[in-house]
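In what follows, residues are counted from 1 in the order of the sequence shown.
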Amino acid sequence: MSKNNGFVRILLSNPAALVGLGIFATVGIIAILAPVLFPGDPLAMVGQPLLWPGQSSEYILGTDALGRDVLAGIAHGSRASVLVGIAAASIGLVLGTVIGATAGYFGGWIDDLLVRATEVLQTFPPFILVIVLVAIGQPSVTTVTLAIGFVSWPSIARLVRAEFRSLRQRDFVLAAQSVGYGHFRIAVGEILPNAAAPLIVISSIMVAQAILNESSLSFLGMGDPNIVTWGTMLGSGREYLRTAWYLTVIPGVAISLTVMALNIIGDGLNDALNPRLRVR
């Protein structure tokens with residue numbers, strides 16, 4: 001049985017991973033179809049304020065204090081969450097991989113310099129640094145995405161550096177050097193594919209963390225004011241916890257389910273990419 005077949009077999013035989021994939025796939029489909037399912041402006045006031053879920057057949061999840069459709073907000077909010085989560089994780093993954101690979105492959109003073117830079121950035125609490133970066137720039141989806149992506153690379157860099165330091169003296173690397181492969185080809189074509197497994201696993205966790213960070217920023221009123229997000233819905237509903245608790249519970253459940261799904265997917269990928277499990 002090939003490695004790919006073993007990976008797929010273990011992943012598909014993991015019920016929890018399948019549940020996680022199903023939840024996240026549902027969120028992704030809703031995000032893609034949101035403009036079709038709810039073509040109007042999700043920030044528009046369309047009904048009577050504070051209709052409870054089930055109280056109106058037109059607004060299944062009710063309306064908020066301004067008469068906005070909660071279900072439309074959840075659907076369009078998933079677009080912002082998925083977009084920011086994937087984009088920010090991609091930025092952090094690329095930056096961390098480049099910096100970690102450079103440090104781990106070359107070693108010496110390059111390694112020392114990049115490790116010191118990584119340690120300096122890690123002395124700042126990540127979320128506080130995100131708040132500072134967003135406050136300096138104009139609050140927007142782009143600013144939030146770049147800020148979250150920027151603060152997330154140090155952990156990736158340390159992981160990639162450790163993998164490259166472990167792999168750079170392996171026989172396949174020495175063989176590539178002996179036939180005249182350049183540094184770039186060895187690092188990208190030979191070492192990186194062998195170090196990809198932990199990166200694949202951690203990428204799902206990074207997306208989940210990015211979604212949480214974006215939701216937290218929006219909850220604090222530092223998100224893009226021109227779009228609806230789960231965090232802004234959560235923040236606007238906190239004033240009505242006693243009288244209309246559904247305004248915070250519904251977006252809170254959406255955030256929790258998505259983050260939980262991504263963490264479960266990460267666990268499933270970790271099991272599927274474990275070579276000791278693939279050979280069974």
- Query: Of the non-hydrogen atoms in V201 and G266, which two are nearest, and what is the gap between them?
  - Reply: CG1-O, 3.5 Å
- When you look at N226 and V141, which way does the side-chain contact (heavy atoms from CB on, under 4.5 Å) test go after all the steps? CA-CA 9 Å; N226 299 315; V141 171; over 6 Å; no
- Query: How many angstroms lie between NE2 in H183 and OG1 in T102, if you round to the nearest 0.5 Å?
  - Reply: 11.5 Å
- Message: Is any side-chain heavy atom of I156 closer than 4.5 Å to one of L199?
- Response: yes
- Between the CD1 atom in I264 and the OG atom in S204, the distance rounded to the nearest 0.5 Å is 11.0 Å
- Item | Closest approach of A75 to A34 (non-hydrogen atoms, all atoms of both residues) | O-CB, 3.6 Å
- Message: When you compare the side chain of V70 with that of Y59, does any pair of heavy atoms fall below 4.5 Å?
- Response: no
- Query: Got more than 12 heavy atoms from elsewhere within 6.0 Å of CD1, I60?
  - Reply: no
- Task: Give a yes or no answer on whether the side chain of R68 reaches the backbone of A44 with a donor-acceptor pair at less than 3.5 Å.
- Result: no
- Query: So, does Q177 use its side chain to make a donor-acceptor pair with the main chain of L174 at under 3.5 Å?
  - Reply: no
- Query: Taking a hydrophobic cluster as the set of Ile, Leu, Val, Met, Phe, Trp and Tyr residues connected by side-chain heavy atoms closer than 4.5 Å, whether directly or through intermediates, do V27 and L37 fall within one such cluster?
  - Reply: yes
- hydrophobic_cluster_shared for V19 and M260, side chain cutoff 4.5 Å: yes
- Message: Restricting to non-hydrogen atoms, name the atom on I227 and the atom on A80 that form the minimum distance, rounded to 0.1 Å.
- Response: CD1-CB, 4.0 Å
- Is a side-chain N or O of S256 found less than 3.5 angstrom from the main chain of V253, in a donor-acceptor match? no
- Query: Near F172 CZ, under 6.0 Å, is it more than 12 heavy atoms from other residues, nucleotides or ligands?
  - Reply: yes
- Query: Is it true that a side-chain atom of N263 and a backbone atom of V259 form a donor plus acceptor pair closer than 3.5 Å?
  - Reply: yes
- Please say which of L93, V94, T118, I91 ends up in a side-chain contact (heavy atoms from CB on, under 4.5 Å) with W153. T118
- Note on the structure: The reported gap from CG in D224 to CG in L217 (rounded to nearest 0.5 angstrom) is 11.5 Å
- Item | Sidechain-backbone polar pair: R238 side chain, G235 backbone, donor-acceptor under 3.5 Å | yes
- Test log, rule side-chain contact (heavy atoms from CB on, under 4.5 Å), inputs D41 and V46: CA-CA 9 Å; D41 184 358; V46 294; over 6 Å; no
- Show your reasoning for whether side-chain contact (heavy atoms from CB on, under 4.5 Å) applies to M222 and I131. CA-CA 8 Å; M222 301 187 68; I131 292 177; 3.6 Å; yes
- Task: Find out whether T97 and L192 are in side-chain contact, i.e. whether some heavy atom of one side chain is under 4.5 Å from a heavy atom of the other.
- Result: yes
- Note on the structure: Across all chains, not counting sequence neighbours, the side-chain hydrogen bond (donor to acceptor under 3.5 Å, both in side chains) partners of S140 are T143
- Item | Reference residue E119; test side-chain contact (heavy atoms from CB on, under 4.5 Å); the match among V115, T123, L121 | V115
- Message: On a heavy-atom basis, which atom in P49 and which in A65 lie closest, and how many Å separate them?
- Response: CB-O, 3.3 Å
- Task: Would you mind telling me which of S215, S216, P251, S218 makes a side-chain contact (heavy atoms from CB on, under 4.5 Å) with L234?
- Result: P251
- Item | Side chain proximity check, E214 to S81, heavy atoms < 4.5 angstrom | yes
- Item | Short side-chain to backbone donor-acceptor contact, W230 and G252, under 3.5 Å | no
- Message: On a heavy-atom basis, which atom in V179 and which in A176 lie closest, and how many Å separate them?
- Response: CG2-O, 3.2 Å
- Query: Is W245 close to Y240 at the side-chain level, that is, under 4.5 Å between some pair of heavy atoms?
  - Reply: no
- Tell me whether L159 is reachable from V98 by hopping between hydrophobic residues (I, L, V, M, F, W, Y) whose side-chain heavy atoms are closer than 4.5 Å. no
- Message: Using the rule that Ile, Leu, Val, Met, Phe, Trp and Tyr join whenever any side-chain heavy atoms are under 4.5 Å apart, tell me whether V84 and L212 fall into a single cluster.
- Response: yes
- Message: As an exercise, state the distance from CG of L269 to CG of N14, rounded to the nearest 0.5 Å.
- Response: 9.5 Å
- Distance col, row N194:CG vs E163:CD, nearest 0.5 angstrom, shows 9.5 Å
- Do I265 and F24 have side chains that get closer than 4.5 Å, going by heavy atoms? yes
- Item | Closest non-hydrogen atom pair between H76 and P42, with its separation | CG-CG, 3.6 Å
- Task: Group every Ile, Leu, Val, Met, Phe, Trp and Tyr by side-chain heavy-atom contacts under 4.5 Å, then state whether I29 and F38 land in the same group.
- Result: yes
- So do P53 and I250 actually touch side chain to side chain, heavy atoms under 4.5 Å? yes
- Count the heavy atoms of every other residue, nucleotide or ligand shown that sit under 6.0 Å from CZ of R158, and state whether that count exceeds 12. no
- Item | From CA spacing to verdict: side-chain hydrogen bond (donor to acceptor under 3.5 Å, both in side chains), T229, T232 | CA-CA 5 Å; T229 70; T232 55; 3.2 Å; yes
- Query: Are R168 and F106 in a cation-pi setup, meaning NZ or CZ lies under 6.0 angstrom from the ring centre and within 45 degrees of the ring axis?
  - Reply: no
- Query: Can you find a pair of side-chain heavy atoms, one from M233 and one from D64, that are under 4.5 Å apart?
  - Reply: no
- Query: Centre of F164's six-membered ring, under 6.0 Å away, within 45 degrees of the axis: is that where NZ or CZ of R161 sits?
  - Reply: no
- Evaluate the side-chain contact (heavy atoms from CB on, under 4.5 Å) criterion for residues Y105 and I191: first the C-alpha distance (whole Å), next the side-chain angles of each, then the deciding distance (0.1 Å), finally the verdict. CA-CA 9 Å; Y105 180 80; I191 301 180; 3.7 Å; yes
- Message: If I take atom CG from residue L257 and atom CD1 from residue I23, how far apart are they, to the nearest 0.5 angstrom?
- Response: 5.5 Å
